[in-house]
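Atoms within a ligand are numbered from 1 in the order they appear, just like the ligands themselves.
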Amino acid sequence: MLGVSSSAVLLLAVVSTAMVNAITVNVSETASHPIPKTLCEFGNSGDGGLYAELLKNRALQLVTPGTSAVALTGWQALNGATISVVRESTPVSAALPNAIQVRFPTGRTGNVGFANTGYNGIKVQSSWKYTASFYYRLPTSSPAFTATSFILTLQTTSGQVLASTTVSGISGNQTTWRQMSVDLYPSANAANTNNVFAIQVDAARARGATVNFAMLSLMPPTYKGRANGMRIDLAEALAVMKPGIFRFPGGNNLEGQTVDTRWKWRNTVGPLVDRPGRMGDWSYINTDGLGLLEYLYWCEDLDAEPIMGVWAGYALGGTSVPENQLDPYIQEAVDQINFAIGDPAKSSAAALRASLGRSEPFKLLYVEIGNEVGPSPHVLMWYRWRRFVTRLKQEFPQLRFMATTRVGDPRLDPTPTEYDVHEYNVPTWFAQNTFYYDGFARNGTKYFEGEYAAISNNPNNMWNERFTFPTIGGAVSEAAYMTGLERNSDIVFSAAYAPLIGHVSNNQWTPNLLGHDAGAVYYSTSYYVQKLFGTNRGDEYLPSTLPDRLGTAFWSVVRNKASNEVIVKIANTATAQAQFTFNLPFNTVASTGSLQTLSGTWNQSNTPSDANLIVPRTSTLTGIAKTFNFNAPGASVNILTFVAS
Ligand SMILES: *[C@@H]1O[C@H](CO)[C@@H](O)[C@H](O)[C@H]1NC(C)=O
Ligand SMILES: *[C@@H]1O[C@H](CO)[C@@H](O)[C@H](O)[C@H]1NC(C)=O
Ligand SMILES: *[C@@H]1O[C@H](CO)[C@@H](O)[C@H](O)[C@H]1NC(C)=O
Ligand SMILES: *[C@@H]1O[C@H](CO)[C@@H](O)[C@H](O)[C@H]1NC(C)=O
């Protein structure tokens, strides 16, 4: 009999009933295979999300001057100034042709200037240092501009100043670009994120003058203090899941709608002022501030194995580059890989990395060839795969190259050694497909479940009727599926929920693992499942009685060898509770352990207004023995941990 010491009155009440319909699970003492350290986790991210930059549209990248409403996204004029986006006659860099032009008014008092409203607000904390930087110049020198300093502030939208500093050495004769940088220290925490970052001058000293600004930035502290790094709360939310791998630079977002708008690694490295940005595949402009080098450092900071995508000759709009024109793109991939791992003495891409402060190579084993999931992009994949993989294997025999077609469809030559398999579906699909990999041949080919998520309750219209936030029913079904991935982790070396991060009110796709706004991170039910699996991965798999393929209760048993810690994961995808009897093969079984449970009512979600509706609860397990009973609540994921040998 199993008792639970806290927050589990329900469990105590039910274990006393007869276990007539209990599922018997016999556990084997001998492990069948090790659990790869890479098993759990994910990819993808972006501007206004994982990347810490606080200013939206900071460099006016790719916007059309004159189309003010769109071009000025994120910007507003203050106290009678006028702002517009202009195509600069002498741009700050070849990559950034645009500037934001500020015309200061006459006849005003106080401060005049302009402000950025951030990604739907800016979080202001008194414990943080904010580093502001920008370039400025006057199109023509202006005697009317007698200000010698800019006043930089973080302020509420109603004008209450939270942090203020001045940038001195400003001159009305500055007609060439000059970069200025200064730190801001707020005196108080803001009550909310309705705050802006403002650049102003004393109105009396700027009458009628015009000043252009370019490549503006406001960086808060970043994860592990990386320059140009990641937003701390989101980064930490991901880091505590102990991701084994991180896939970048995204799936569809690698491809581009056209060949020319593909993700080009060279445009994402080096000084920010030299990064043009690109129109991403999720209909917003990518700053590419989060570039190749930042991703590689991020993987290192996470202690996660990178899975790096290279563009493979196919654009989402439907163009497949003809075979006889592929060479430059294959070379681009070779250079990208050399940027990550090459020898600076032998490769100019590696020398570029060294010039950016990193001479030693990064760790890299997996390279993914393109991103092609649905059936239609597979057209002509056979020749692109052959050309890319043949050349890349020649150059980098130590690396593993991953295909992203359906397994065996189309047939690829050379036969892939790794596949990235994607699946978005309804919760019941995941529960009914926990045996998906059991029938796969054990022939050396390995699988990465590179994107998966339960996205809708409606199998007939799932792409249009998607969940806004993951539901507990979806999360429990993903957990059921993941028990199957663990059982098959001799061939499934990694798996990743997708997508990872979405702004709660301004996103292109739902559901996302983590929601966020300018101030907070919201943890979904699926996030907690990923975290429960990631932090209880174990290092070897103990076979046990197989679940009923058509049933609703699924489990897997793993062990941490050194500590003899046995971890039983149970997903109950029924709305009624499931009763289990476990038979353990061990001589010694600790009588107490721990239980982590995530459960709720099938269609419930964590939302910004009820963010902690469903959270894992931890309690002490008592009464564990060679044979013990356990009742899993309806719609629940349960992690039982105890020592046995
Ligand atoms: C579990 O083991 C017991 C004892 O060896 C055996 O009688 C029973 O059939 C097994 N049950 C299953 C489901 O394998
Ligand atoms: C700007 O240039 C004018 C004309 O050369 C000069 O008189 C003035 O002192 C300069 N102002 C500053 C701030 O350098
Ligand atoms: C292994 O088997 C799968 C089918 O289960 C097949 O698609 C794949 O090509 C095979 N791999 C090798 C190396 O033969
Ligand atoms: C969940 O919601 C769907 C509609 O989206 C409904 O069909 C289904 O019955 C609900 N499930 C439960 C268990 O309430």
Side-chain angles (χ1 to χ4, degrees), residues 19 21-30 378 381-382 385-386 389 393 400-421 425-431 435-449 454-477 488 490-493 510-511 525 542-549 551-555 557 572-586 599-605 614 625-629 633-636:
M19 306 291 283
N21 296 318
I23 298 165
T24 300
V25 180
N26 292 351
V27 178
S28 154
E29 194 173 3
T30 314
H378 291 178
M381 182 64 196
W382 60 273
W385 168 262
R386 180 162 54 73
V389 100
K393 270 192 172 154
R400 319 277 304 189
F401 296 97
M402 208 181 300
T404 58
T405 57
R406 299 247 175 230
V407 178
D409 170 27
R411 285 186 71 93
L412 297 178
D413 173 32
T415 304
T417 51
E418 269 83 15
Y419 275 101
D420 176 359
V421 180
N425 222 308
V426 293
T428 45
W429 186 95
F430 286 95
F435 284 80
Y436 187 84
Y437 287 101
D438 290 63
F440 277 58
R442 267 54 184 170
N443 58 8
T445 298
K446 303 261 179 156
Y447 303 92
F448 168 43
E449 185 83 18
I455 59 169
S456 170
N457 275 325
N458 185 350
N460 301 318
N461 196 16
M462 65 175 184
W463 299 106
N464 297 320
E465 280 179 38
R466 298 196 308 268
F467 297 144
T468 307
F469 298 98
T471 63
I472 183 69
V476 165
S477 305
N488 288 283
D490 58 325
I491 57 167
V492 179
F493 72 98
T510 65
T525 49
L542 298 181
S544 60
T545 307
L546 288 176
D548 178 352
R549 284 174 187 248
T552 51
F554 303 92
W555 57 88
V557 184
N572 179 11
T573 67
T575 49
Q577 69 161 357
Q579 305 181 340
F580 293 88
T581 300
F582 283 90
N583 293 321
L584 302 175
F586 309 108
S599 69
T601 302
W602 190 259
N603 281 326
Q604 281 179 331
S605 299
I614 301 164
K626 280 173 74 84
T627 293
F628 69 89
N629 298 330
S636 71

**OP:** Step by step, work out the side-chain contact (heavy atoms from CB on, under 4.5 Å) result for Glu418 and Phe448.
**Re:** CA-CA 7 Å; Glu418 269 83 15; Phe448 168 43; over 6 Å; no
Original post:
Of all the atoms in ligand 3, which lie at a distance below 4.0 Å from a heavy atom belonging to Ala441?
Top reply: 2 (O), 5 (O)
Original post:
What protein heavy atom sits nearest atom 7 (O) of ligand 3, and how far off is it?
Top reply: Val407 CG1, 3.5 Å
Original post:
In a check of side chain to side chain contact (heavy atoms under 4.5 Å, CB included) between Val492 and each of Tyr437, Tyr419, Tyr436, which one passes?
Top reply: Tyr437
Original post:
Are there more than 12 heavy atoms of other residues, nucleotides or ligands under 6.0 Å from atom CZ of Arg442?
Top reply: yes
Original post:
What residue and heavy atom of the protein are closest to atom 8 (C) of ligand 1, and at what distance?
Top reply: Asn26 ND2, 3.7 Å
Original post:
Minimum heavy-atom separation for Ile614 to Ser599, with atom names?
Top reply: CG2-O, 3.6 Å
**OP:** Report the nearest protein non-hydrogen atom to atom 13 (C) of ligand 1: residue, atom name, distance rounded to 0.1 Å.
**Re:** Thr545 CG2, 3.5 Å
Original post:
Which heavy atom in Asn572 sits nearest to a heavy atom in Pro633, and how many Å separate them?
Top reply: ND2-O, 3.0 Å
Original post:
Closest approach of Thr552 and Ala574, non-hydrogen atoms and distance?
Top reply: OG1-CB, 3.6 Å
**OP:** Would you check if Trp602 and Thr471 make a side-chain contact, meaning some heavy-atom pair closer than 4.5 Å?
**Re:** no
**OP:** Starting from atom 11 (N) of ligand 3, locate the nearest protein heavy atom and write down its residue, its atom name and how far away it is, to 0.1 Å.
**Re:** Thr445 OG1, 2.7 Å
Subject >> Residue and atom name of the nearest protein heavy atom (relative to atom 6 (C) of ligand 3), distance in Å to one decimal >> reply: Asn443 ND2, 4.1 Å
Original post:
Relative to atom 4 (C) of ligand 4, which among Asn458, Asn457, Thr575, Thr471 owns the nearest non-hydrogen atom?
Top reply: Asn457
Original post:
So is Asn603 polar-close to ligand 4, meaning N/O to N/O under 3.5 Å?
Top reply: yes
Subject >> Thr415: numbered ligand 3 atoms lying under 4.0 Å from its heavy atoms >> reply: 9 (O), 11 (N), 12 (C), 13 (C)
